[in-house]
A.B. asks: 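Here it is: the structure, laid out below.
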Number of protein chains: 2
Amino acid sequence: MAPNKVITLNKIQIACQSCGLSNICLPLGLESDDIDRLDAIVQRNRPLRRGNHLFQTGEKFKSVFVVKTGTVKTYTQCPDGSEQVIGFHLPGEVIGLDGIELGKYICSAKALETSAICEIPFDKLEELTATIPNLQHQMFRLLSREISNDTSLMALLSKSTAEERLAAFLLSLSIRLHSRGFSATEFNLSMSRQEIGSYLGLALETVSRLFTHFQEEGILKVNRKYVEILDLEKLYALLSHQTVCLEKLRAP
Amino acid sequence: MAPNKVITLNKIQIACQSCGLSNICLPLGLESDDIDRLDAIVQRNRPLRRGNHLFQTGEKFKSVFVVKTGTVKTYTQCPDGSEQVIGFHLPGEVIGLDGIELGKYICSAKALETSAICEIPFDKLEELTATIPNLQHQMFRLLSREISNDTSLMALLSKSTAEERLAAFLLSLSIRLHSRGFSATEFNLSMSRQEIGSYLGLALETVSRLFTHFQEEGILKVNRKYVEILDLEKLYALLSHQTVCLEKLRAP
DNA sequence: ACCGATTTCTGATTTTGATCAACGATCTTT
DNA sequence: AAAGATCGTTGATCAAAATCAGAAATCGGT
């Protein structure tokens with residue numbers, strides 16, 4: 001492999017300064033030179049293919065990761081082999097924060113489609129946060145967001161019907177995709193019915209039936225992975241008597 | 001009110017250095033002088049009576065709180081007036097971290113019994129974390145713990161039966177009480193069946209029936225709020241095919 | 001283009017836990 | 001101490017979603 005090939009690859013990689021995600025990602029609110037200092041510790045590895053792992057449960061915690069493109073799911077494994085999906089992560093979202101406490105990852109993370117990932121070694125990040133107050137604050141905010149997102153999801157899981165759960169899931173996706181510049185009403189699901197069901201605490205058959213049902217109601221147009229939201233209002237209405245602050249469901 | 005009365009009150013209040021919770025609370029891992037600096041920003045207000053609020057949903061986020069004695073519940077209010085319990089918080093546990101992101105509390109917190117609380121103004125805490133790397137790390141750990149606790153609870157809520165949920169709840173309480181120097185097998189619940197049900201996503205009748213059922217199985221001895229665990233092994237066995245790392249359920 | 005594997009959809013049946021209802025026990029207030 | 005309110009228990013019924021089962025559609029690899 002010729003060295004100039006490597007150089008070319010490096011050039012292709014987008015620096016934080018010119019990354020479209022900088023308004024939702026870690027650099028948010030940083031001065032230009034501070035972004036450069038952050039940029040210097042970010043590792044941009046080759047994209048993951050579908051099914052590849054970022055990390056697995058129990059591995060030593062070394063880095064946090066930010067999705068740049070694609071989708072990543074986090075999950076835990078049951079003793080019987082079945083898996084429990086913890087979350088789906090879109091571009092700009094940080095993964096691995098739950099590993100800080102015990103020094104090892106408590107879940108596994110794998111790509112649902114080809115995904116570019118930024119890796120940030122946590123020891124270096126901590127050195128930076130100690131000298132850049134804005135970055136420290138941004139880290140606190142990020143961790144806090146994770147907590148409040150989880151809180152919303154817990155409320156959803158412990159209170160709602162199957163219909164409300166799927167509605168919340170679709171709206172969350174819609175909101176997050178929209179805030180990343182994608183269509184809010186038309187997207188491809190990168191996860192299976194099984195995975196959605198696991199995430200929402202439902203059987204995959206229930207998820208499938210609900211998609212059909214929403215379609216019959218004129219709320220959605222569904223073709224396997226492809227979803228078009230025809231009536232956002234109805235979807236919101238399904239959640240009207242819900243505890244959860246919608247914007248919080250998995251935003252931004 | 002005579003000034004010496006105030007002085008006496010101040011003397012009664014326990015400094016972080018001599019607080020029994022220092023091995024699970026924020027000062028964990030700090031040098032002695034750093035603990036003093038932290039101590040200096042901690043506000044020790046008068047104890048809350050049962051039903052009093054620490055903060056309410058939507059209030060401006062100003063401080064995080066640590067339970068010193070007693071129990072606090074966090075909850076959100078549904079549009080229909082019913083409430084959704086988010087968590088129960090024992091001595092040494094930090095509350096309010098979910099307010100950092102948006103600058104306002106996203107849930108309400110009220111005392112379930114007379115409770116002493118330490119209040120830590122967050123702006124001052126951030127100044128300290130910026131200059132005390134160990135404290136910054138401890139804050140990251142604390143926030144991370146909150147996230148991994150929530151992850152475990154989400155897995156519990158989306159996968160398990162009513163029986164498994166209550167077993168997990170009781171074991172979590174047992175473990176946390178034990179690590180605070182209380183009995184692991186004998187305690188008084190400070191929350192109602194209704195509140196347990198809300199937290200676990202179950203109807204209060206289901207909770208009540210399960211207590212009866214566990215008693216018939218010889219697992220518990222229950223008398224209203226008073227619970228004695230007779231067979232810890234059986235309780236653990238109920239969770240054996242559970243995703244959740246038990247120590248993680250709400251530890252330490 | 002074909003074959004096997006996986007994923008999705010749909011129907012029938014069952015199960016779990018919610019809901020409705022009533023009653024006894026305990027705590028609070030006067 | 002009595003009265004009212006709250007809380008916990010228990011029983012009967014009901015409903016939502018899980019499970020079981022099988023067919024149809026799609027995908028992946030050769």
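Convention: sequence-line order gives letters A, B, ...; per-chain numbering from 1.
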A.B. asks: Which nucleotides of nucleotides 12-26 of chain D have their base under 4.0 Å from a protein heavy atom (B), which only their sugar-phosphate (S), and which neither (-), written as one string 5' to 3'?
C.D. replies: B----SSBB-----S
A.B. asks: How close or far is atom C1' of C/dT6 from atom CE of A/Met191, stated in whole angstroms?
C.D. replies: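 Those two atoms, CE and C1', are 18 Å apart.
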A.B. asks: Rounded to whole angstroms, how far apart are OH on B/Tyr226 and C1' on C/dA25?
C.D. replies: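 After rounding, the gap between these two atoms is 19 Å.
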A.B. asks: Are the side chains of B/Arg165 and B/Leu157 in touch, meaning some heavy atoms are under 4.5 Å apart?
C.D. replies: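 Yes - at least one pair of side-chain heavy atoms lies under 4.5 Å apart.
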A.B. asks: Which of these, B/Leu166, B/Leu230, B/Leu170, sits in a side chain to side chain contact (heavy atoms under 4.5 Å, CB included) with B/Leu220?
C.D. replies: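 Testing B/Leu220 for a side chain to side chain contact (heavy atoms under 4.5 Å, CB included) against B/Leu166, B/Leu230, B/Leu170 leaves exactly one candidate, B/Leu170.
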A.B. asks: Would you indicate, yes or no, if C/dT8 has its OP1 or OP2 atom less than 4.0 angstrom from a side-chain nitrogen or oxygen of A/Lys225?
C.D. replies: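 Affirmative; the distance criterion is met.
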A.B. asks: Would you indicate what B/Ser192 reaches in the nucleic acid, counting non-hydrogen atoms under 4.0 angstrom: base, sugar-phosphate, or nothing?
C.D. replies: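 Result for B/Ser192 = sugar-phosphate.
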A.B. asks: Would you mind reporting whether B/Glu186 and B/Glu228 have side-chain heavy atoms less than 4.5 Å apart?
C.D. replies: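 Result yes, sub-4.5 Å side-chain heavy-atom pair found.
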A.B. asks: Quick one: do the A/Arg176 and A/Ser172 side chains pair a donor with an acceptor below 3.5 Å?
C.D. replies: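 A/Arg176 vs A/Ser172: donor-acceptor pair found between side chains.
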A.B. asks: Between C1' on C/dG17 and NZ on B/Lys159, what's the gap in Å once rounded to a whole number?
C.D. replies: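 The distance from NZ of B/Lys159 to C1' of C/dG17 comes to 19 Å, rounded to the nearest Å.
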A.B. asks: How many whole angstroms separate atom CG of A/Leu166 from atom C1' of C/dC9?
C.D. replies: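 Checked: the CG to C1' distance equals 15 Å.
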A.B. asks: D/dT10 C1' sits how many Å from B/Phe214 CZ, rounded?
C.D. replies: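 B/Phe214 atom CZ is separated from D/dT10 atom C1' by 18 Å.
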A.B. asks: Without decimals, in angstroms, what is the distance between A/Gln215 CD and C/dT10 C1'?
C.D. replies: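 It works out to 14 Å between those atoms.
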A.B. asks: Could you state the CZ-C1' distance from B/Arg50 to C/dC27, rounded to the nearest angstrom?
C.D. replies: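 After rounding, the gap between these two atoms is 11 Å.
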A.B. asks: Salt bridge (charged side-chain N to carboxylate O under 4.0 Å, His left out), that's the test. Do A/Glu59 and A/Lys104 meet it? Break it down for me.
C.D. replies: CA-CA 5 Å; A/Glu59 265 176 36; A/Lys104 60 186 181 192; over 6 Å; no
A.B. asks: Given B/Gln84 and A/Ser158, is the side chain to side chain donor-acceptor pair (under 3.5 Å) satisfied, shown in steps?
C.D. replies: CA-CA 9 Å; B/Gln84 164 67 43; A/Ser158 76; 2.8 Å; yes
A.B. asks: Can you tell me the distance, in whole Å, between the CD atom of A/Gln194 and the C1' atom of C/dT6?
C.D. replies: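 In whole Å, C/dT6 C1' lies 12 Å from A/Gln194 CD.
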